Engineer: 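Here it is: the structure, laid out below.
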Amino acid sequence: MAKLHEIKLTKGQSILPAIHEYLMDKKWNDAVIVAGVGSVTDVLLSNPGSYDMPPELIKKKIFDPCEVVSCMGEITLKEHTDPDLPPVIRETPSPYVVHIHMSVSHAEGIVNGGGFRSATVLRALTLYVLEKD
């Protein structure tokens with residue numbers, strides 16, 4: 001049966017390095033990030049800007065304090081990923097590739113979302129991760 005894990009991040013932590021640190025001693029096959037709750041700042045998101053493969057990516061940096069509105073993704077063992085993935089995606093400090101989509105709200109409730117690239121925890125962030133059997 002799948003097991004639910006909580007990855008609790010604290011103020012000032014950089015999200016992706018903290019996730020990879022958490023994953024270093026895990027022996028998971030793969031996992032799914034089912035939700036995330038918290039606040040972040042210095043968020044970098046990207047969205048496809050063309051129909052090309054791979055698409056040109058349009059990046060959006062949000063320096064304001066933000067609330068996480070939605071967060072989902074996948075954690076995949078490198079050996080389970082497509083070997084044609086760009087090397088930069090596969091070059092991680094843990095044995096996993098972390099792929100997250102996130103939406104955040106900031107000033108006056110404006111919401112931005114897309115492929116998650118980076119962010120810093122503002123107060124706290126909890127990620128709920130379902131380990132696959």
Side-chain angles (χ1 to χ4, degrees):
M1 181 171 204
K3 180 178 179 184
L4 184 66
H5 299 264
E6 290 180 344
I7 302 176
K8 292 183 176 267
L9 306 179
T10 58
K11 180 180 177 133
Q13 283 189 285
S14 183
I15 294 172
L16 282 176
I19 293 170
H20 283 291
E21 183 178 329
Y22 180 87
L23 294 170
M24 289 303 283
D25 64 346
K26 301 299 181 252
K27 303 288 187 229
W28 299 350
N29 276 326
D30 296 312
V32 178
I33 299 169
V34 294
V37 176
S39 58
V40 295
T41 189
D42 299 329
V43 182
L44 181 60
L45 303 169
S46 67
N47 284 285
S50 71
Y51 289 100
D52 301 327
M53 284 301 153
E56 171 193 353
L57 293 178
I58 308 299
K59 294 180 181 173
K60 169 95 175 159
K61 182 77 173 190
I62 305 160
F63 296 97
D64 299 331
C66 299
E67 287 291 334
V68 174
V69 175
S70 69
C71 179
M72 65 197 78
E74 56 193 356
I75 298 172
T76 309
L77 272 171
K78 288 178 189 174
E79 62 199 56
H80 294 170
T81 61
D82 182 342
D84 292 331
L85 279 175
V88 68
I89 293 172
R90 295 172 58 92
E91 293 169 0
T92 65
S94 78
Y96 299 92
V97 172
V98 177
H99 177 209
I100 299 172
H101 288 193
M102 184 181 283
S103 297
V104 297
S105 66
H106 52 100
E108 300 177 19
I110 296 167
V111 176
N112 292 101
F116 176 81
R117 297 287 175 230
S118 64
T120 301
V121 177
L122 182 62
R123 288 185 305 269
L125 176 69
T126 302
L127 299 173
Y128 298 92
V129 179
L130 195 59
E131 175 187 355
K132 291 183 181 179
D133 290 336

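Quick note: numbers below take in every heavy atom, side chains included, and nothing from hydrogens, waters or symmetry partners. Since we're looking at a predicted model, the values are computed, not measured.
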Engineer: Please confirm whether the backbone N or O of Thr81 pairs with a side-chain atom of Thr76, one donor and one acceptor, at under 3.5 Å?
Structural biologist: no

Engineer: How close do Asn47 and Gly113 get, counting heavy atoms only, and between which atoms?
Structural biologist: ND2-O, 2.9 Å

Engineer: Could you tell me whether the side chain of Phe116 reaches within less than 4.5 Å of the side chain of Leu16, counting heavy atoms only?
Structural biologist: yes

Engineer: Give a yes or no on whether Lys3 atom NZ has more than 12 heavy-atom contacts from other residues, nucleotides or ligands under 6.0 Å away.
Structural biologist: no

Engineer: Just wondering, do Ile33 and Ile75 contact through their side chains at under 4.5 Å, heavy atoms?
Structural biologist: yes

Engineer: Using the rule that Ile, Leu, Val, Met, Phe, Trp and Tyr join whenever any side-chain heavy atoms are under 4.5 Å apart, tell me whether Ile7 and Val40 fall into a single cluster.
Structural biologist: yes

Engineer: Could you measure the distance from the OG atom of Ser39 to the NZ atom of Lys11? Nearest 0.5 Å is fine.
Structural biologist: 9.0 Å

Engineer: Kindly compute the distance separating NE2 (His101) from OG (Ser46), expressed to the nearest 0.5 Å.
Structural biologist: 8.0 Å

Engineer: Which atoms form the tightest heavy-atom contact between Val111 and Ser105, and what is the distance?
Structural biologist: CG2-CB, 3.9 Å

Engineer: Are any non-hydrogen side-chain atoms of Leu23 and Thr92 less than 4.5 angstrom apart?
Structural biologist: no

Engineer: What pairs meet the salt bridge (Lys or Arg N to Asp or Glu O under 4.0 Å) rule with one or both residues in residues 110-128, with sequence neighbours excluded?
Structural biologist: Glu67-Arg123

Engineer: Hey, quick one: are Val97 and Ile15 part of the same hydrophobic cluster, counting side-chain heavy atoms closer than 4.5 Å, chains of contacts allowed?
Structural biologist: no

Engineer: May I ask you to test the Val68-Val37 pair for a side-chain heavy-atom distance under 4.5 Å?
Structural biologist: no

Engineer: Would you say His80 and Asn29 make side-chain contact, with heavy atoms under 4.5 Å?
Structural biologist: yes

Engineer: Is there a path from Met102 to Met72 through hydrophobic residues (I, L, V, M, F, W, Y) whose side chains come within less than 4.5 Å of each other?
Structural biologist: no

Engineer: Look at the side chain of Asn112 and the backbone N and O of Val104, then say whether any donor-acceptor pair between them is shorter than 3.5 Å.
Structural biologist: no

Engineer: Look up atom NE2 in His20 and atom OG in Ser14, then write down how far apart they are to the nearest 0.5 Å.
Structural biologist: 10.0 Å

Engineer: Given side chains that start at C-beta, do those of Ile100 and Ile19 come closer than 4.5 Å, heavy atoms only?
Structural biologist: yes

Engineer: Minimum heavy-atom separation for Cys71 and Leu127, please, with both atom names.
Structural biologist: SG-CD2, 3.8 Å

Engineer: Compare every heavy atom of His106 with every heavy atom of Cys66, then report the nearest pair and how far apart it is.
Structural biologist: SG-CB, 3.7 Å

Engineer: Hey, can you tell me if Tyr22 and His5 have their rings parallel, tilted or perpendicular (30° and 60° cut-offs)?
Structural biologist: perpendicular

Engineer: Looking at every non-hydrogen atom in both residues, tell me the closest pair between Val129 and Ala31 and how far apart they are.
Structural biologist: CG1-CB, 3.7 Å

Engineer: Would you give the length of the straight line joining atom OH of Tyr96 to atom CD of Glu79, rounded to the nearest 0.5 angstrom?
Structural biologist: 9.0 Å

Engineer: What's the separation between atom CG in Leu122 and atom OG1 in Thr10, rounded to the nearest 0.5 Å?
Structural biologist: 12.0 Å

Engineer: Could you tell me which non-hydrogen atom of Ala2 sits nearest to which non-hydrogen atom of Glu131, and how far apart they are?
Structural biologist: CB-O, 3.2 Å

Engineer: Let me confirm one number: the CG-CG distance from Leu57 to Asp52, rounded to the nearest 0.5 Å.
Structural biologist: 11.0 Å

Engineer: Is the shortest side-chain heavy-atom distance between Lys78 and Pro95 below 4.5 Å?
Structural biologist: no

